Asks: 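I am attaching a structure below and will ask some questions about it afterwards.
Being a predicted model, the structure only gives us computed values, none of them experimental. Residues take their numbers from the sequence shown, with the count starting at 1.
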Amino acid sequence: MAILVHLDDKLHERRMTLTELAARVDITVANLSILKTGKAKAIRFSTLEAICAALECQPGDLLAFDPTQPPQE
């Protein structure tokens with residue numbers, strides 16, 4: 001997938017676990033794990049907003065576009 005997710009890096013920077021973030025944004029750890037591993041096919045703006053608020057970051061800190069990667073089918 002050409003969209004890369006840097007959630008793991010941001011969690012590490014903030015010294016926060018996935019479980020702690022899940023509790024703060026009221027999302028299951030399983031769903032955050034899907035996002036973290038780049039397996040998510042979509043994300044709601046409200047979810048992205050909640051994650052950015054909890055991690056004190058911008059959407060661009062979490063997501064990136066890599067045109068060298070094959071598009072998702």
Side-chain angles (χ1 to χ4, degrees):
M1 177 186 271
I3 301 296
L4 305 177
V5 180
H6 301 294
L7 181 58
D8 205 29
D9 297 336
K10 195 52 71 180
L11 284 170
H12 182 73
E13 284 179 25
R14 298 291 188 245
R15 300 180 187 273
M16 187 183 298
T17 65
L18 199 64
T19 302
E20 188 177 350
L21 179 62
R24 287 187 185 198
V25 299
D26 196 27
I27 298 173
T28 65
V29 173
N31 282 338
L32 272 180
S33 181
I34 289 169
L35 179 62
K36 186 181 94 168
T37 57
K39 295 179 181 171
K41 297 186 184 294
I43 183 170
R44 292 175 188 235
F45 281 155
S46 59
T47 301
L48 185 59
E49 180 181 2
I51 292 171
C52 286
L55 294 175
E56 298 177 359
C57 67
Q58 297 295 314
D61 296 332
L62 298 173
L63 303 174
F65 174 67
D66 183 354
T68 65
Q69 297 294 316
Q72 182 180 4
E73 294 181 20

Asks: Nearest 0.5 Å, please: how far is OG1 in Thr47 from CG in Leu32?
Replies: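 Reported to 0.5 Å precision, the distance equals 8.5 Å.
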Asks: Can you name the closest pair of heavy atoms from Cys52 and Pro59 and give their distance?
Replies: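 In this case the closest contact between Cys52 and Pro59 is SG-N, 3.5 Å.
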Asks: If the condition is side-chain hydrogen bond (donor to acceptor under 3.5 Å, both in side chains), which residues does Thr19 pass it with, not counting sequence neighbours?
Replies: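 Checked Thr19 against side-chain hydrogen bond (donor to acceptor under 3.5 Å, both in side chains); zero matches.
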Asks: If you define the side chain from C-beta out and look only at heavy atoms, does anything of Leu35 sit under 4.5 Å from Ile51?
Replies: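 Answer yes - side chains close enough.
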Asks: Applying salt bridge (Lys or Arg N to Asp or Glu O under 4.0 Å), name anything that partners Asp8, two or more places apart in sequence or on another chain.
Replies: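 Expected list: Lys36.
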Asks: Could you give all pairs that pass the side-chain hydrogen bond (donor to acceptor under 3.5 Å, both in side chains) test and reach residues 49-62, with sequence neighbours left out?
Replies: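 Applying side-chain hydrogen bond (donor to acceptor under 3.5 Å, both in side chains) to every pair that reaches into residues 49-62, excluding sequence neighbours, yields nothing.
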Asks: Show your reasoning for whether side chain to side chain contact (heavy atoms under 4.5 Å, CB included) applies to Val5 and Ile43.
Replies: CA-CA 11 Å; Val5 180; Ile43 183 170; over 6 Å; no
Asks: Return a table of donor-acceptor pairs under 3.5 angstrom between the side chains of residues 62-69 and protein atoms on other chains or two or more places apart.
Replies:
from, atom 1, to, atom 2, distance (Å)
Asp66, OD1, Thr68, N, 3.0
Asp66, OD1, Thr68, OG1, 2.6
Asp66, OD2, Thr68, OG1, 3.2

Asks: Sequence neighbours excluded and cut-off under 3.5 Å, please list the side-chain donor-acceptor pairs for residues 22-29, or say none.
Replies:
from, atom 1, to, atom 2, distance (Å)
Arg24, NH2, Glu20, OE2, 3.1
Thr28, OG1, Asn31, N, 3.1
Thr28, OG1, Asn31, ND2, 3.2

Asks: Checking Lys10 now: which residues fulfil side-chain hydrogen bond (donor to acceptor under 3.5 Å, both in side chains) with it, not counting sequence neighbours?
Replies: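 Once residues adjacent in sequence are excluded, the partners of Lys10 under the side-chain hydrogen bond (donor to acceptor under 3.5 Å, both in side chains) criterion are Glu13.
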